[in-house]
Amino acid sequence: MRCPHWTTEDGFEMQFGVNHLGHFLLTNLLLDKLKASAPSRIINLSSLAHVAGHIDFDDLNWQTRKYNTKAAYCQSKLAIVLFTKELSRRLQGSGVTVNALHPGVARTELGRHTGIHGSTFSSTTLGPIFWLLVKSPQLAAQPTTYLAVAEELADVSGKYFDGLKVKAPAPEAEDEEVARRLWAESARLVGLEAPSVREQPLPLPR
């Protein structure tokens with residue numbers, strides 16, 4: 001979350017690579033097993049921050065733009081919701097459901113690059129207030145557990161949850177064309193499939 005401009009071993013921008021591409025690849029590699037094990041559920045951890053995200057197909061890996069750590073994080077979390085929507089459409093009738101989730105802000109080290117840990121002002125003045133308002137890791141894990149086991153959600157798929165409740169995601173997260181294009185680019189980037197002749201492939205990271 002909002003780390004410096006790092007890249008993964010494969011050359012992907014770190015937040016896009018870790019938050020989206022890694023899970024995209026892992027989920028696809030497990031799909032046959034998930035279908036064979038149906039009914040089964042996939043829960044993707046997104047964030048409320050996705051509402052500020054935008055998928056820049058011209059520079060998904062921040063190779064040409066000036067790096068913006070917040071925008072990169074928001075893009076990665078929007079990608080997760082779009083992935084969830086497209087995967088849900090592809091899994092219709094399979095017995096496998098997939099939903100995205102904003103679990104809430106948890107008292108973990110996730111925000112270590114945001115300044116709340118490093119700034120003297122933030123640590124001494126805002127820190128105590130911040131830690132009083134956020135959830136414990138155990139409490140923040142409850143929405144994920146709920147989506148995984150709740151009987152009433154057995155047939156619910158393609159939704160975005162804010163905590164325990166379904167919520168409308170950002171408008172771009174509902175764009176089916178963006179979701180399909182992101183799927184195609186993600187598959188190409190991780191080597192799952194070749195793009196069709198109609199798709200405009202992005203350059204692989206150097």
Side-chain angles (χ1 to χ4, degrees), residues 1-31 34 42-91 98-103 110-115 157-162 167-206:
M1 178 183 181
R2 300 189 65 175
C3 59
H5 191 190
W6 297 336
T7 57
T8 68
E9 290 184 8
D10 296 304
F12 303 121
E13 186 273 318
M14 184 65 72
Q15 297 184 86
F16 187 68
V18 170
N19 293 341
H20 170 59
L21 289 178
H23 297 284
F24 174 86
L25 176 59
L26 175 62
T27 303
N28 273 280
L29 293 176
L30 292 173
L31 279 184
L34 287 165
I42 301 166
I43 299 116
N44 292 324
L45 285 184
S46 183
S47 169
L48 180 62
H50 87 276
V51 301
H54 171 65
I55 305 298
D56 187 339
F57 286 106
D58 292 326
D59 192 18
L60 281 174
N61 280 291
W62 295 84
Q63 294 172 284
T64 60
R65 290 174 288 167
K66 181 179 179 182
Y67 189 65
N68 183 313
T69 183
K70 178 182 177 181
Y73 178 73
C74 294
Q75 175 184 250
S76 74
K77 291 300 182 177
L78 173 59
I80 293 169
V81 183
L82 287 161
F83 168 48
T84 299
K85 295 282 187 179
E86 179 62 18
L87 181 57
S88 177
R89 285 190 282 271
R90 292 173 179 242
L91 289 174
V98 53
N99 292 290
L101 167 71
H102 167 60
L110 179 65
R112 61 189 175 276
H113 298 295
T114 62
S157 188
K159 302 299 183 182
Y160 169 74
F161 283 75
D162 187 342
K167 184 177 181 180
E172 188 170 341
E174 302 273 24
D175 191 319
E176 294 186 9
E177 180 57 35
V178 172
R180 283 192 292 268
R181 186 177 177 189
L182 178 64
W183 181 288
E185 290 297 346
S186 299
R188 188 185 68 84
L189 288 169
V190 300
L192 277 180
E193 56 191 49
S196 71
V197 293
R198 291 181 299 173
E199 293 166 359
Q200 298 297 319
L202 300 178
L204 286 168
R206 296 181 178 85

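Every heavy atom of this structure was used, including side-chain atoms; hydrogens, water molecules and symmetry mates were not.
Of the possible donor and acceptor atoms, one in the side chain of N99 sits under 3.5 Å from a partner among the backbone N and O of K159. For the pair N61 (side chain) and E13 (backbone), a donor-acceptor distance under 3.5 Å is present. With hydrogens and angles ignored, the 3.5 Å screen pairs no side-chain donor or acceptor of Q75 with any backbone N or O of F16. Counting only distance, with no hydrogens or angles, the side chain of S88 and the backbone of T84 share no donor-acceptor pair below 3.5 Å. Counting only distance, with no hydrogens or angles, the side chain of H50 and the backbone of I80 share no donor-acceptor pair below 3.5 Å. Put simply, the side chain of T69 never gets that close to the backbone of P4: no donor and acceptor are under 3.5 Å apart.
Separation of atoms CG (L34) and CD1 (I42) is listed at 5.0 Å; rounding is to 0.5 Å. Taking CG of L26 as the start and CG of L31 as the end, the distance is 9.5 Å to the nearest 0.5 Å. Atoms CG and CG, from L21 and D10 in turn, are 9.0 Å apart once rounded to the nearest 0.5 Å. From L60, atom CG reaches atom CD of E185 across 6.5 Å, with rounding to the nearest 0.5 Å. Summarising the geometry, atom NZ belonging to K66 is positioned 13.0 Å from atom NE2 belonging to H5; distances are rounded to the nearest 0.5 Å.
Contact record, H23 with N19: CD2-O, 3.4 Å, taken as the closest heavy-atom pair. For the pair E174 and P169, the tightest heavy-atom approach, listed with the atom from each and the gap, is OE2-CD, 3.2 Å. The heavy-atom pair separating D162 from K167 by the smallest distance is OD2-NZ, 3.5 Å. Heavy atoms only, all atoms of each residue included: Y73 and A49 are closest at CE2-CB, 3.7 Å. Residues V178 and F57 approach most closely at O-CZ, 3.7 Å, considering heavy atoms. Nearest heavy atoms, H20 versus S76: CB-O, 4.2 Å.
Relative to the six-membered ring of W183, R89 misses at least one condition, a distance below 6.0 Å or an angle of at most 45° to the axis. Both cation-pi conditions hold for R65 and W62: the charged atom is under 6.0 angstrom from the six-membered ring centre and inside a 45 degree cone around its axis.
E176 and K85 are not joined by a salt bridge, as no carboxylate oxygen comes within less than 4.0 angstrom of a charged side-chain nitrogen. Salt bridge status for E177 with R181: absent, with no side-chain N to carboxylate O gap under 4.0 Å.
No side-chain heavy atom of L189 sits under 4.5 Å from any side-chain heavy atom of F24.
Qualifying side chain to side chain donor-acceptor pair (under 3.5 Å) partners for S46, counting only residues two or more places apart in sequence or in other chains: none.
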